[in-house]
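Not measured: the values here are computed from a predicted model. Letters A, B, ... mirror the listed sequences (proteins, then strands); counts begin at 1.
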Amino acid sequence: AQSVSQHNHHVILSEAASLELGCNYSYGGTVNLFWYVQYPGQHLQLLLKYFSGDPLVKGIKGFEAEFIKSKFSFNLRKPSVQWSDTAEYFCAVGSGGYQKVTFGIGTKLQVIP
Amino acid sequence: NAGVMQNPRHLVRRRGQEARLRCSPMKGHSHVYWYRQLPEEGLKFMVYLQKENIIDESGMPKERFSAEFPKEGPSILRIQQVVRGDSAAYFCASSIRQGVGRTDTQYFGPGTRLTVL
């Protein structure tokens, strides 16, 4: 069975600080990886996804993530956060070809102006 | 192009009543997923359906919970005889097949917040 671990449950940053949110998964086969964001009171929105190819994936709003197969990781990064990035971020993994997706517990990011 | 629609957005039930949550997928999407979100627990997969078929219900509680996705109309998550522990946000997602060997990208609805008194 696949599982996803998000290391930081709460992160507080000042505006313009750099962000890195950790995500590790456990699954030995082909994986498809996702980061979703949930702004306060809203539904989950897709930030970016990795299926294959270039392990550095660029998403919306200046976010990117790097798939490191040897470390079973898919960390989310942003060079300079804004107050509007305050939200909860979820990492998710699906095994290639199988549609059940497993979500991490989420990381709440608070950006202080 | 409407996204995934869920209704009601908020639902209040007393213990023992039934709750019916509806989900209309994005246009052209034939796959629907239901998740439950509890505070500090993230999203938990419940069930995956295609039109008229339940594909994977491994996350559904064995009793009181059922789901359907009929040929016509929205997908329904039904909770019978609700208890306080059923209070949560229930999210629906839909997808379109990406092809063999890939996990479909799921697009989420706004959720239904169920409160059981």
Side-chain angles (χ1 to χ4, degrees), chain A residues 1-10 21-25 27 29-53 57 59-60 65 67 74 87-109, chain B residues 2-7 9-10 21 23-26 29-50 53-60 67 69 89-113:
Chain A
Q2 57 205 25
S3 66
V4 180
S5 175
Q6 291 184 245
H7 316 297
N8 313 103
H9 294 176
H10 292 90
L21 301 182
C23 172
N24 285 90
Y25 65 91
Y27 182 72
T30 302
V31 289
N32 298 147
L33 297 157
F34 307 84
W35 275 99
Y36 284 86
V37 60
Q38 186 177 29
Y39 298 103
Q42 296 189 25
H43 60 284
L44 273 78
Q45 301 173 40
L46 182 69
L47 267 181
L48 47 81
K49 60 187 177 185
Y50 171 80
F51 286 156
S52 62
V57 181
I60 61 171
F67 170 53
F74 190 56
E88 191 161 13
Y89 293 80
F90 293 90
C91 181
V93 61
S95 53
Y98 185 55
Q99 301 313 316
K100 180 179 173 181
V101 172
T102 300
F103 282 80
I105 197 169
T107 296
K108 288 181 179 163
L109 171 65
Chain B
V4 179
M5 309 287 285
Q6 287 188 253
N7 67 80
R9 296 291 304 277
H10 299 274
L21 287 61
C23 169
S24 296
M26 284 179 71
H29 287 195
S30 58
H31 299 239
V32 165
Y33 314 78
W34 285 95
Y35 295 85
R36 178 162 59 179
Q37 186 180 37
L38 291 164
E40 309 301 323
E41 290 191 22
L43 278 164
K44 298 294 185 186
F45 168 83
M46 298 181 75
V47 62
Y48 161 41
L49 310 106
Q50 294 178 20
N53 280 309
I54 296 174
I55 307 301
D56 184 341
E57 57 181 347
S58 58
M60 288 278 271
F69 188 18
Y90 292 83
F91 287 93
C92 167
S94 73
S95 72
I96 190 169
R97 284 300 287 135
Q98 298 281 333
V100 175
R102 282 196 170 182
T103 304
D104 298 340
T105 300
Q106 296 179 22
Y107 296 88
F108 282 79
T112 294
R113 277 151 183 84

Nearest atoms (heavy-atom pairs only) where B/Thr105 meets A/Phe51: OG1-CZ, 3.8 Å

Provide the closest heavy-atom pair for A/Tyr36 versus B/Gln106 in the form atom of the first, atom of the second, distance. OH-O, 2.6 Å

To the nearest 0.5 Å, how far apart are NZ in B/Lys44 and OG1 in A/Thr102? 9.0 Å

With side chains defined as the heavy atoms from C-beta onward, is the minimum distance between B/Gln37 and A/Phe103 less than 4.5 Å? no

Locate the shortest heavy-atom distance separating A/Phe34 from B/Asp104; write the atom from each residue and the value. CZ-O, 3.9 Å

Does any heavy atom of chain B fall under 4.5 Å from the side chain of A/Leu46, the backbone, both, or neither of them? side chain

State whether the number of non-hydrogen atoms from other residues, nucleotides or ligands found under 6.0 Å of B/Met5 atom CE is greater than 12. no

Considering all heavy atoms, the nearest A/Gln38-B/Phe91 contact: NE2-CZ, 3.4 Å

